[in-house]
Structures are given as C-alpha cells and as structure tokens.
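Below you'll find the structure, written out as structure tokens, and then a few comments.
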Protein chains: 2
Amino acid sequence: MNPDALRGHMDALLLSVLEREPLHGYAIIEALQERSGGALNVPTGTVYPALRRLERIGYLASEWATVGGRKRRTYRLTDSGRKQLEGERSAWAEFASVIGGVLRPGVRQPG
Amino acid sequence: MNPDALRGHMDALLLSVLEREPLHGYAIIEALQERSGGALNVPTGTVYPALRRLERIGYLASEWATVGGRKRRTYRLTDSGRKQLEGERSAWAEFASVIGGVLRPGVRQPG
DNA sequence: GTCTATATGTAGACTGCCTATAGGTAGGCA
DNA sequence: TGCCTACCTATAGGCAGTCTACATATAGAC
C-alpha cells in the first residue's frame, strides 16, 4: 500500500475504528490491521500524533488507564467526532466515486 | 474535495486521461474537470510539475507543437506508462476496497 | 539474562500538492 | 489604443501529514 495514498484518509480510518468502542493506540493499530485483512500496517509514528491531533480538534477524548501493569491512553469518539465520521464517510464515497469514474477504462466524454 | 485526499492518486488520474489520446497540460486539466463532473479542479501548479515528473520516470513522452500561435507541450503515454496505468488501476481497486471496508459502518470483526 | 510482545511517544526527513506569481499569445470590445 | 478574458506553460516556496528511526518502559516466556 503506497503510503501517500493514505493522506487525508487517516482521520476517517481512526474515527471509524473507534465508532463501536473506545480503544488505545496500540489496539487501534491492531484493529486497522485486522479490519483490512493485513493490508493496513500503520506505524506508531503515524497513529499517535494523529490521535493527539484529533483530540486537539475535539473529535476524540482520552483517559489514562493501567491494565496489567501497563499504562494505556484510551481514546473515545466525542459527539463532534461522531458527526465528523459521518462527514468523512460521505466524503470518502464521493472521492471514491470521482476517482473511480476517471480511472474507469474506456471512458467516453458526453457528446 | 480535500486536496490531501488526492495524494498518491494524481499519477493514476493523469495517466488515465492520456490513455485514449495525447493531450497538453491545459487540456488535461479540462479533461479531469469534465470527467469528474466538475469535482476535480487541479491547479496548474500541481499538473505541470507532475507531468514533468512522469516524463522523467518514463511513463510519458512529450513534443512541442504550435497551434494558433500558441505553444503547447503535448504528452502521450509510453508503453511503460500504459503498463503503469494498469498497475495504478489495480492499486486503486485494492485501496478503495480496503478503505471502504474499514469505513463501512457497523463492521464486525471475525470472531 | 535475553527475547518478544505490549505500549506510548518524539524528532526530523520526506514528499508532493498547494498558493502565488511570472511570462506570453490571441481575440473581443470600447 | 488600451483593457479584459481565455488560452498556455512554468517555477518558487509553503505547508501538512505520513514515514523512519529512536527512546523509554513493563510483563512474561524461555
């Protein structure tokens, strides 16, 4: 998977995996891998800054927890984040439709 | 359309509009607009450098022409570019499938 | 004691899309 | 004659998000 291709879609992915339940960063990375059938291997250097950014914007909120002697910062969607996720979903649908349309082989222009 | 979303897909778009016939830069921009129903407004500062990059790689070749007193640099797909376009198409299909899959609401993990 | 898995985080590089700007021709219009 | 718009190519520098590499730490297996 070309890394640049993810640009601008990372927020949507992160918000989406947090839709059902709060997760901590490490678990988010694993969830992305599982849900993508192994195609998405997002490095920690991408995820952690992105999560902080999304929290700063207000789409996520986080709490610290200690589980089995290990500290975790668990992120959950805010109401604002839930709305944003809806927007990201429709934006993705439009994006995929537009790009897919231009890329479709043998396209004829109207006229 | 979020500009960042286009990252890593611009090459595919450019190669795709050049598949049927050679075009010059300005015409490529118009073709992208038409084919996308107006959604794709790619600035010249994006297209011209990208075309040169693709030519440097060997996916495109160009010739100068003068039409109606105006100079045009017309780009066409090379054989290498045609192969690359195939690769870009399958890469897009996989990308769209992966992202779409993760973004799909109410996804359940196996198990 | 070493290794792996778990877990968070930062610094700096990279890259490619963007804005802004530059230069030029052709043709319509006042 | 001057002004405006459409056409046409091109570069410089900014910007932002992803990446690589590194730092730090606990738990448990071996």
Side-chain angles (χ1 to χ4, degrees), chain A residues 1-15 17 22-34 36 39-57 59-60 62-75 88 91 95 98-99, chain B residues 1-15 17 22-34 36 39-57 59-60 62-75 88 91 95 98-99:
Chain A
M1 176 84 59
N2 169 25
D4 270 322
L6 284 177
R7 277 268 193 152
H9 307 291
M10 188 57 67
D11 293 7
L13 293 174
L14 294 175
L15 296 177
V17 293
L23 291 172
H24 60 284
Y26 194 85
I28 289 170
I29 291 171
E30 290 183 320
L32 285 173
Q33 279 185 329
E34 284 170 27
S36 65
L40 246 37
N41 282 292
V42 191
T44 65
T46 296
V47 166
Y48 289 110
L51 290 171
R52 290 169 153 272
R53 179 169 49 81
L54 291 172
E55 182 171 27
R56 197 175 63 244
I57 299 170
Y59 298 155
L60 299 181
S62 71
E63 294 98 33
W64 279 101
T66 302
V67 179
R70 288 188 184 100
K71 281 188 180 178
R72 293 172 175 173
R73 193 202 281 270
T74 302
Y75 288 90
E88 297 277 0
F95 176 77
V98 165
I99 305 298
Chain B
M1 177 81 61
N2 170 25
D4 269 324
L6 284 178
R7 277 266 193 152
H9 307 291
M10 188 57 67
D11 293 7
L13 295 173
L14 295 174
L15 296 178
V17 293
L23 292 171
H24 60 284
Y26 194 85
I28 289 170
I29 292 171
E30 289 182 321
L32 285 173
Q33 279 185 329
E34 284 170 28
S36 66
L40 246 36
N41 282 292
V42 190
T44 66
T46 295
V47 167
Y48 288 109
L51 290 172
R52 290 171 151 272
R53 180 169 47 81
L54 291 173
E55 182 171 26
R56 197 176 62 244
I57 298 172
Y59 298 155
L60 300 180
S62 71
E63 293 96 36
W64 279 101
T66 302
V67 179
R70 289 188 183 102
K71 283 188 180 179
R72 293 174 175 172
R73 192 201 282 268
T74 303
Y75 288 90
E88 297 277 359
F95 176 78
V98 165
I99 305 298

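Computed from a predicted structure; not experimentally measured.
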### Task
Specify the separation, in whole Å, of atom OH of Tyr48(A) and atom P of dA23(D).
18 Å
### Query
For Leu51(A) and dG17(D), what is the distance between atoms CG and P respectively, to the nearest whole Å?
14 Å
### Query
What nucleotide, of dC8(D), dC19(D), dC17(C), holds the atom closest to the side chain of Arg72(B)?
dC8(D)
### Pair His24(B)-Val67(B), side chain to side chain contact (heavy atoms under 4.5 Å, CB included): steps then yes or no
CA-CA 11 Å; His24(B) 60 284; Val67(B) 179; over 6 Å; no
### Query
For Arg52(B) and dT11(D), what is the distance between atoms CZ and C1' respectively, to the nearest whole Å?
9 Å
### Spacing of Leu6(B) atom CG relative to dA16(D) atom C1', expressed in whole Å
15 Å
### Task
With the side chain of Arg7(A) defined as its heavy atoms from C-beta on, choose the nearest nucleotide among dC17(C), dT15(C), dT9(D).
dT15(C)
### Task
Look at all strands and tell whether Gly25(A) reaches a base, only sugar-phosphate, or nothing, counting heavy atoms closer than 4.0 Å.
sugar-phosphate
### Closest listed nucleotide, where the reference is the side chain of Tyr26(A) and the choices are dT11(D), dT8(C), dC18(C)
dT8(C)
### Message
Distance check needed: dG17(D) P versus Arg53(A) CZ, whole Å only.
### Response
5 Å
### Message
Any base atoms under 4.0 Å from Gly68(B), or only sugar-phosphate, or nothing? Heavy atoms, all strands.
### Response
sugar-phosphate
### Task
Could you check which of dG17(D), dT9(D), dA7(C) has an atom nearest any side-chain atom of Asp4(B)?
dG17(D)
### Query
Where the side chain of Thr46(B) is defined as all heavy atoms beyond and including C-beta, which of dG16(C), dT20(D), dC18(C) is the nearest nucleotide?
dC18(C)
### Message
Which nucleotide wins on minimum distance to the side chain of His24(B), given the candidates dC8(D), dT15(C), dG9(C)?
### Response
dC8(D)
#### Entry: Interatomic distance, Arg56(B) CZ vs dG16(C) C1' [rounded to whole Å]
12 Å
### Message
Using the side-chain heavy atoms of Trp64(A), tell me which of these nucleotides is nearest: dA16(D), dT8(C), dA10(D).
### Response
dT8(C)
### Message
Taking Ser62(B)'s backbone N and O only, do any of them form a donor-acceptor pair with Glu55(B)'s side chain (distance below 3.5 Å, no angle check)?
### Response
yes
### Query
If you look at every strand shown and take non-hydrogen atoms under 4.0 Å, does Arg73(A) touch a base, only sugar-phosphate, or nothing?
sugar-phosphate
### Query
Tyr59(B) and Glu88(B): side chain to side chain contact (heavy atoms under 4.5 Å, CB included), yes or no, with the steps?
CA-CA 12 Å; Tyr59(B) 298 155; Glu88(B) 297 277 359; 5.6 Å; no
### Summary
note: Ile29(B), atom CD1; dC8(D), atom C1'; distance rounded to Å ~ 9 Å
### Task
Mind checking the CG-CD1 spacing from Leu23(A) to Ile29(A)? Nearest 0.5 Å is all I need.
11.5 Å
### Query
Can Arg53(A) and Asp11(A) be said to form a side chain to side chain contact (heavy atoms under 4.5 Å, CB included), step by step?
CA-CA 10 Å; Arg53(A) 179 169 49 81; Asp11(A) 293 7; 2.9 Å; yes
### Task
Answer yes or no: side-chain N or O of Arg70(A) and base N or O of dT26(D) forming a donor-acceptor pair under 3.5 Å.
yes
### Message
Using whole Å, what does the distance between atom P of nucleotide dT18(D) and atom CG of Leu40(A) come to?
### Response
12 Å
